[in-house]
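Remarks on the structure that follows.
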4 protein chains.
Amino acid sequence: MLRYLNGGESHGKLLLAVVEGMPAGVPLTEAAVDLDLARRQKGYGRGGRMRIEQDRVEFVSGVRKGFTLGSPIGLLIANKDWKNWQEIMAVDPGPPARPAGDPAAERVVTKPRPGHADLVGAIKYAHTDIRNVLEKASARETAIRVAVGAAAKALLNEFGIALISHVREIGGIPAETSRMTFLEIRDATERSEVRCADATAAEKMIQKIREAKEKGDTLGGVFEVIVENVPIGLGSYSHWDRRLSARLAFALMSIQAMKGVEIGMGFEAARRFGSEVHDEIFYDESGRHFYRKTNNAGGFEGGITNGQPIVIRTAMKPISTLYSPLKSVDIKTKEPFEATVERSDICTVPAAGVIGEAVVAWELAAAMVEKFGGDSLSEMKRNYDGYRDYVKNW
Amino acid sequence: MLRYLNGGESHGKLLLAVVEGMPAGVPLTEAAVDLDLARRQKGYGRGGRMRIEQDRVEFVSGVRKGFTLGSPIGLLIANKDWKNWQEIMAVDPGPPARPAGDPAAERVVTKPRPGHADLVGAIKYAHTDIRNVLEKASARETAIRVAVGAAAKALLNEFGIALISHVREIGGIPAETSRMTFLEIRDATERSEVRCADATAAEKMIQKIREAKEKGDTLGGVFEVIVENVPIGLGSYSHWDRRLSARLAFALMSIQAMKGVEIGMGFEAARRFGSEVHDEIFYDESGRHFYRKTNNAGGFEGGITNGQPIVIRTAMKPISTLYSPLKSVDIKTKEPFEATVERSDICTVPAAGVIGEAVVAWELAAAMVEKFGGDSLSEMKRNYDGYRDYVKNW
Amino acid sequence: MLRYLNGGESHGKLLLAVVEGMPAGVPLTEAAVDLDLARRQKGYGRGGRMRIEQDRVEFVSGVRKGFTLGSPIGLLIANKDWKNWQEIMAVDPGPPARPAGDPAAERVVTKPRPGHADLVGAIKYAHTDIRNVLEKASARETAIRVAVGAAAKALLNEFGIALISHVREIGGIPAETSRMTFLEIRDATERSEVRCADATAAEKMIQKIREAKEKGDTLGGVFEVIVENVPIGLGSYSHWDRRLSARLAFALMSIQAMKGVEIGMGFEAARRFGSEVHDEIFYDESGRHFYRKTNNAGGFEGGITNGQPIVIRTAMKPISTLYSPLKSVDIKTKEPFEATVERSDICTVPAAGVIGEAVVAWELAAAMVEKFGGDSLSEMKRNYDGYRDYVKNW
Amino acid sequence: MLRYLNGGESHGKLLLAVVEGMPAGVPLTEAAVDLDLARRQKGYGRGGRMRIEQDRVEFVSGVRKGFTLGSPIGLLIANKDWKNWQEIMAVDPGPPARPAGDPAAERVVTKPRPGHADLVGAIKYAHTDIRNVLEKASARETAIRVAVGAAAKALLNEFGIALISHVREIGGIPAETSRMTFLEIRDATERSEVRCADATAAEKMIQKIREAKEKGDTLGGVFEVIVENVPIGLGSYSHWDRRLSARLAFALMSIQAMKGVEIGMGFEAARRFGSEVHDEIFYDESGRHFYRKTNNAGGFEGGITNGQPIVIRTAMKPISTLYSPLKSVDIKTKEPFEATVERSDICTVPAAGVIGEAVVAWELAAAMVEKFGGDSLSEMKRNYDGYRDYVKNW
């Protein structure tokens, strides 16, 4: 069973995670993870902080000489800005409380921002300083999830399973990619400032982001994750919580600011006749295998992978912090105020796609470990190869 | 921690579940569960089987004299049709295999239906008789999930938490309910043959279902679950898998045939400016509480309930079994065929809403038990009341 | 991942369990389970109830034509005495409370028995009728655990893994079996009224039980579970909760009335020099494999199976309900009383061994599924065979 | 739900853990954790490495200004010796393999030590360098478990729950503490070089350790953990895996080198008549509460805490690495050799007791969080106080 826990405040010393259950012998380097960390930080529409950070992972356990050990993998990502926050975020109680008027004392946050966890988090955890909420609820956490996902990708890569993500919509502007191949989408996306494979749409998206910036506003959008070369049979209909399609929805909806998810034809399937939706089954006599001409199911039947590419889209709401502020109420004074800007991104949908890849990769890796077992990569591969041959001869 | 496991084949003797972690002292009767079982079986567009079943739950453990005991609750739902399937579904190996041509021998299913788990399930589990797949992958399983959800509702009811569901779309025909109250939607829905609160739309939906029936086709749609009187603070941003919004998405997407889910403004939020999306925060001086004028967030901030109604919609694809058959391939002979009808529902979106209520109720009950602890209802209520007073004075 | 939940009150209608995660294609019959249920009911020193019951399992899901389906296995065991308890244990609220003096009203239990969960259970769950506690806390629950364990054994059996249990001590009388083989112990035990492989000791144990009976007293003892043909490599040192040795201790200590557990040399190892304890490693040139001449470790190194037999002993306290009663206090009146007899077993250590086999079998089956993966028995065997060959050539 | 994962190799850069589910507002300082880390490193019979280390914890998340935040707590413990191991334990693949004869190349470990995970770990994980096993299987891991346990103690401390451990046996020499109070045992233990409260026995234990050292041998022993002021009602009989007594056995047996565990009277209970074992129940009219005159049950009935002190003993086998070596076989050459010393502790039972406290504290904290719920310490205390008052008036 693959599992992990992560921690870390946005302006704390570092983010960390412990990943348990990864087989031994999987090639894994910090450099590979750093590539995804860099991909997460790019994208038109980002504010200033991204330039500060330049995230780098450090493995502190579970990896030796370039291979996993089978023991828990410890990952750290330093917060580069930490030196400026050491006093505010100090672990120790420190000296007595400062007098009012002192700058540090004034860093106590009492103004909740609409659309954030600020107000509900403070009530839930009985915090009087909203900093204690926003430091954890912040999307900064996604950096460590991307690192964990990159480790999962390293495992998937050994089985030829490949993931990409691309932006399908920003601010209502759709991309048209239906005639592009997996590799075309991948390459066009990696070249695009907004990680959109449709260059024409990308240009309009950038325009829209500019417009939002001028208005002091923000934008959301939709990204799509596609996975190729997935074996038939991951997930199960045997118990509801083993449906892999549902687990992917769980993982994607757990990313900050996500408000919707759909698989394959998704919501559109709800509007069509059945005869327009279900993917008919054919048999290739020469290659001796079953195949489909369509993939409206997005790679799943009965919650189980069916060998078609997994296609899943996620809707992200606009960034909750705007230059042109929203109305709110101070939790201490109960006075109304206009919510100020803590950070200045306009649109982070491109980055969200990279995060989406990571969480999908994690769930797939967990499903692979569950189905194929094995404590070492060689054992897992032996099991996988046996199954692949079985499927071929089915 | 609230948890359960369920089992049961579609034409087996019965469905069953064991629910563990329910506090002692919760009023719970079979009659209350049967109400939801009956609601699940209604709805225009259902085929013949629903009339056979008339599901009834039987508690076989964990409930005594009308109250939960704190011990695991055992639930059974008999399959009324079982007597006709006893031989085919027999547990014991029975007499030697029958000769070809024998009717029972011919009940071996080798023809996978597109859109079902049939093909992938047979490959995954190495079954040569697809009956071994379809019996479990069938939506018949949702009956026991509704029963488990009804037990969860009994707990929620003690805290004044109320759930409804209603159909928002069938076959592309939308319902308009934006100006209706919670109670108006509930009452109109319960009166509607398609569980749609907008009577005009309901009429068109019925027309559309008739049209589909005539074409030998099927329809999907969208249902919405709304929950009122949810306390602030269920779920958490502290770890990704504790975000209650994501857990609801997990649960809803785990229902057979669901292809998308969205919370609050959902996918539409991805198309708007931030200033149009985030719910501003206000303070009522007289009532001394925070409030919102909008609920675009659908009841969640940071994955935590914010005291607003939970609003979540789920997209269901059309029923996968059509009168006008789909192309497929026999798994034994590898000959193409046209997939035949195993059951004859045209549209089950109304029932899906009731199932949706059940799985949402379960997740909320689990979140309540996690936050408020307590081994008896009286202890849990004492804890809840203390928190409610704390929130009032916050 | 193999998991299960069980439920059922001691005098309720039935006991039930749902077992999830068993691979498809495992041969499994009710008759095989009934054998272990019968073994659990035997043993010198049992009181009257055992004769009533004659437990039989019924599979209601997950098994068809003698093989598992890969879907959850539902198991029921009827409580034969149920007809006499229907009113007292009724699920429904029933008619209004009876007047004092009415026999049924007097079945409310307010007298907690020392050594049982009676008092603490009533406080924890806010019960005023201790029946609500004792019905679940009762060792009657072990019948369903034995049934679940028998299903686990069916899986283990496919891999040649064999479990036995035998009584090592009753009332301080030790058995001497150090020179007996696995099969000798098994056969002698199955023939013994007290499930003790040492016939001389068995005779003394029976005498001691007679003595206890005459005194109106009860006895405990120690049983040992031995497992042969366990593959090297189950469990892991990689995270504390994956040590299989510790998981076995967990499972055994979770059986009612168990107060201690030890593996291999156990507590005695704590009293010896290291040079007397650790099992040296040798290599057989001709058979080309590593071996040991001793098994003080009891089959585990680093919490992982090392290919040696698993040997684990569990200490059971005497039955808590005595003919010669213990002092206690009525929870309603707060008056002292002398605790009366609810059941009349003198010693159930022989039965406890059978239960011990069951819980050990479960943990081993779970560890096998985790290591070897696979959704069908054929897939799991293919993986296992590959690993076995790898170990041979190591 | 309280949960954690930990990682870290013995000679890696650091040990780390992520603790999730701790309520907000719990006072927690690194200094408090360091006290327990220091207690773990003391004890007569330790070898050289302990002097190097002087473990210090660093909180890197989840704690601010001396209080927990409710977010995951990240803990690091640096391995002081890391600088000498950087090349051998390097994460990156590094330069090409060194020629034979090169010292670094020769650090490849191919000689498995009896009693360690060396051989089975290498087989399980397909490692050819046993270093990849011993680095994780090492008891060095217990340092981070002690740190996690210290955080758990910080929570328990807020509820007045106090834990101690003391050595009951070393090398067969028993301590007599039956007439000492909790505080007397605690104070005498903390003063003792072998953490034994019986000064006479302690002297003999030290003699025995000296003797073992002279012989080049090692010793094990038995330690006891005692917990006072535990509320009635932690754990449950409702499902086997919720019995807190069994969970404690799980946790203690998961510590490296533990071979047995017993609660209260333990194995001795198996040798007595029931009338000598069960703790009778009395009622104090003036104080209006139930009480016992004995605690043979060790604080548990039905797997639930009964308000009596928890008393649990664990048997540790002798250290597996001896100066006078054990026979073994090289995994590469298959040549026999005599197992060499990697470290030089003679007896670590005193330290094991401190580790035992930690794992018991963790399970109790988890049980407290489960029963009392609450996201902040103030909420948890409010719930606890309500329950305490209820129990008083029961």
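Every chain is numbered from 1, with letters handed out A, B, ... down the list of sequences. Owing to the predicted nature of the structure, the values given are computational and were not obtained by experimental measurement.
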Compare every heavy atom of [Y] with every heavy atom of [X], then report the nearest pair and how far apart it is.
{"X": "B:Val222", "Y": "A:Ala270", "value": "CG2-CB, 4.0 Å"}
{"X": "A:Trp394", "Y": "B:His127", "value": "CZ2-O, 3.8 Å"}
{"X": "A:Asn132", "Y": "B:Tyr237", "value": "O-OH, 4.1 Å"}
{"X": "B:Ile319", "Y": "A:His278", "value": "O-NE2, 3.2 Å"}

What part of [X] is in contact with chain A, defined as an atom under 4.5 angstrom from a non-hydrogen atom: side chain, backbone, both or neither?
{"X": "B:Leu5", "value": "both"}
{"X": "B:Tyr4", "value": "both"}
{"X": "B:Ile123", "value": "both"}
{"X": "B:Arg247", "value": "both"}
{"X": "B:Val133", "value": "both"}
{"X": "B:Thr128", "value": "neither"}
{"X": "B:Glu285", "value": "side chain"}

Verify the neighbour count for atom NZ of A:Lys332: are there more than 12 heavy atoms of other residues, nucleotides or ligands below 6.0 Å?
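Not more than 12 within 6.0 Å, no.
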More than 12 foreign heavy atoms under 6.0 Å from CZ of B:Arg288: is that the case here?
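Check fails, neighbour count at 12 or below.
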For the interface with chain A, which of [options] has the highest count of heavy-atom pairs at distances below 4.5 Å?
{"options": "B:Asp279, B:Ile331, B:Asn296", "value": "B:Ile331"}
{"options": "B:Arg292, B:Lys334, B:Glu335", "value": "B:Lys334"}
{"options": "B:Ser320, B:Cys347, B:Gly220", "value": "B:Ser320"}
{"options": "B:Gly302, B:Gly221, B:Pro336, B:Gly303", "value": "B:Gly221"}
{"options": "B:Gly307, B:Ala122, B:Pro174", "value": "B:Ala122"}
{"options": "B:Val391, B:Val261, B:Leu219, B:Ile255", "value": "B:Val261"}

Is A:His116 in contact with chain B via its backbone, its side chain, both, or neither, using a 4.5 Å heavy-atom distance?
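The backbone, not the side chain.
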Considering only heavy atoms, which portion of A:Phe223 lies under 4.5 Å from any heavy atom of chain B: side chain, backbone, both, or neither?
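A:Phe223 has no heavy atom closer than 4.5 Å to chain B.
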Rounded to the nearest 0.5 Å, what's the gap from [atom1] on [X] to [atom2] on [Y]? Could you check?
{"X": "A:Arg243", "Y": "B:Met258", "atom1": "CZ", "atom2": "CE", "result": "10.0 Å"}
{"X": "B:Trp240", "Y": "A:Arg145", "atom1": "CH2", "atom2": "CZ", "result": "5.5 Å"}
{"X": "A:His239", "Y": "B:Asn6", "atom1": "NE2", "atom2": "CG", "result": "4.0 Å"}
{"X": "B:Lys136", "Y": "A:Ser236", "atom1": "NZ", "atom2": "OG", "result": "9.5 Å"}

If you count heavy-atom pairs under 4.5 Å with chain B, which of [options] comes out on top?
{"options": "A:Gly7, A:Ala117, A:Ala257, A:Gly264", "value": "A:Ala117"}
{"options": "A:Gly266, A:Pro231, A:Ser275", "value": "A:Ser275"}
{"options": "A:Gly121, A:Pro114, A:Ala251", "value": "A:Pro114"}
{"options": "A:Asp118, A:Thr218, A:Asp217, A:Ile263", "value": "A:Asp217"}
{"options": "A:Ile170, A:Leu248, A:Ile304", "value": "A:Ile304"}
{"options": "A:Ala212, A:Gly171, A:Ala249", "value": "A:Gly171"}

Hey, does [Y] have a side-chain heavy atom less than 4.5 Å from the side chain of [X]?
{"X": "B:Ser254", "Y": "A:Phe250", "answer": "no"}
{"X": "B:Val120", "Y": "A:Phe290", "answer": "no"}
{"X": "B:Glu169", "Y": "A:Arg271", "answer": "yes"}
{"X": "B:Met265", "Y": "A:Lys259", "answer": "no"}

Would you say [X]'s side chain and [Y]'s backbone share a donor-acceptor pair under 3.5 angstrom?
{"X": "A:Glu280", "Y": "B:Lys327", "result": "yes"}
{"X": "A:Lys124", "Y": "B:Thr305", "result": "no"}
{"X": "B:Glu301", "Y": "A:Gly115", "result": "yes"}
{"X": "A:Tyr283", "Y": "B:Asp330", "result": "no"}

